[in-house]
Amino acid sequence: EAQVTQNPRYLITVTGKKLTVTCSQNMNHEYMSWYRQDPGLGLRQIYYSMNVEVTDKGDVPEGYKVSRKEKRNFPLILESPSPNQTSLYFCASSLRGQGTTDTQYFGPGTRLTVL
Amino acid sequence: AQSVSQHNHHVILSEAASLELGCNYSYGGTVNLFWYVQYPGQHLQLLLKYFSGDPLVKGIKGFEAEFIKSKFSFNLRKPSVQWSDTAEYFCAVNTYNQGGKLIFGQGTELSVKP
């Protein structure tokens, strides 16, 4: 089944404790992206990747890192999480990059709480 | 900067009522337009998209949307809603400048009463 998977689905952590949220897609998509969803703000892009070893900042990249060593994986890293990073995070992928008509497929989401 | 605005934050309807959710974007160039739906506890799914051709686009589950270029609008419609349509709906746009970023509206929560 074609899908985007994320782990973990739920995470409660404390300020400053490094964490990684994994994202994997099995559709051989070139483009992958991370969003955060906050009430009243919709989804905002954190980082995106046009292909392996190519990443770039989205609208709200502060406090986050990403890497794209393999085509299928795009982990999101929070080196020192803070309470304002409490949010619902979605990974997404599409066949090609931005500016195309390609549909972005979303993962199930990771609900992160930083105490 | 480009932006997407959804006028209604929360809409409550009874089953069989007609639905129209507003979406306006601010960008004068070529755009691709999308409506996504997020059912409770689930991830976002594409309802429909428009990039060229007939401005009236039909999507899944009986939804349709009309692109009106002069109004910078892409409103979502459904003639008769069902309880199962209860969800949050997001309008999104991508453009060809600044990397063609996918920009989302704030979302509209739809509650359908049985």
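So that the names make sense, note that chain A is the first sequence line, chain B the second, and so on, each numbered from 1.
Only the side chain of B:E88 comes within contact range of chain A, judged by heavy atoms closer than 4.5 Å. In this structure, chain B has heavy atoms under 4.5 Å from both the backbone and the side chain of A:L43. Neither the backbone nor the side chain of B:Y50 comes within contact range of chain A; no heavy atom of the residue lies under 4.5 Å from a heavy atom of that chain. With a 4.5 angstrom heavy-atom cutoff, A:Q37 touches chain B only via side-chain atoms. Within the 4.5 angstrom heavy-atom criterion, only side-chain atoms of B:Q38, from C-beta onward, approach chain A.
Between B:H43 and A:F106, the shortest heavy-atom contact is ND1-O, 3.4 Å. Across B:K49 and A:T103, no two heavy atoms sit closer than the pair NZ-OG1, 3.2 Å.
Enclosure of atom CZ in A:R111 is not indicated, since only 12 or fewer non-hydrogen atoms of other residues, nucleotides or ligands lie within 6.0 angstrom.
Rounded to the nearest 0.5 Å, atoms CG (B:L46) and CG (A:D102) are 11.0 Å apart. Separation of atoms CZ (A:F90) and OH (B:Y36) is listed at 12.0 Å; rounding is to 0.5 Å.
Counting heavy atoms from C-beta on, the side chains of A:Q104 and B:N94 never come closer than 4.5 Å.
In the hydrophobic cluster analysis, where Ile, Leu, Val, Met, Phe, Trp and Tyr join through side-chain heavy atoms closer than 4.5 angstrom, B:V11 is grouped together with B:L47. Note on A:L11: it clusters hydrophobically with A:I46, by side-chain heavy-atom contacts below 4.5 Å among ILVMFWY residues. No continuous path of hydrophobic side-chain contacts links A:Y105 to B:F34 [ILVMFWY only; heavy atoms under 4.5 Å]. Under the 4.5 Å side-chain heavy-atom criterion for ILVMFWY residues, a single connected hydrophobic cluster contains both B:V4 and B:F63. A:I12 and A:L112 sit in two unconnected hydrophobic clusters of ILVMFWY residues. Membership requires side-chain heavy atoms under 4.5 Å apart, directly or through other members.
Among the candidates A:Y35, A:Y48, A:Y31, the single residue satisfying the side chain to side chain contact (heavy atoms under 4.5 Å, CB included) test with B:L102 is A:Y35.
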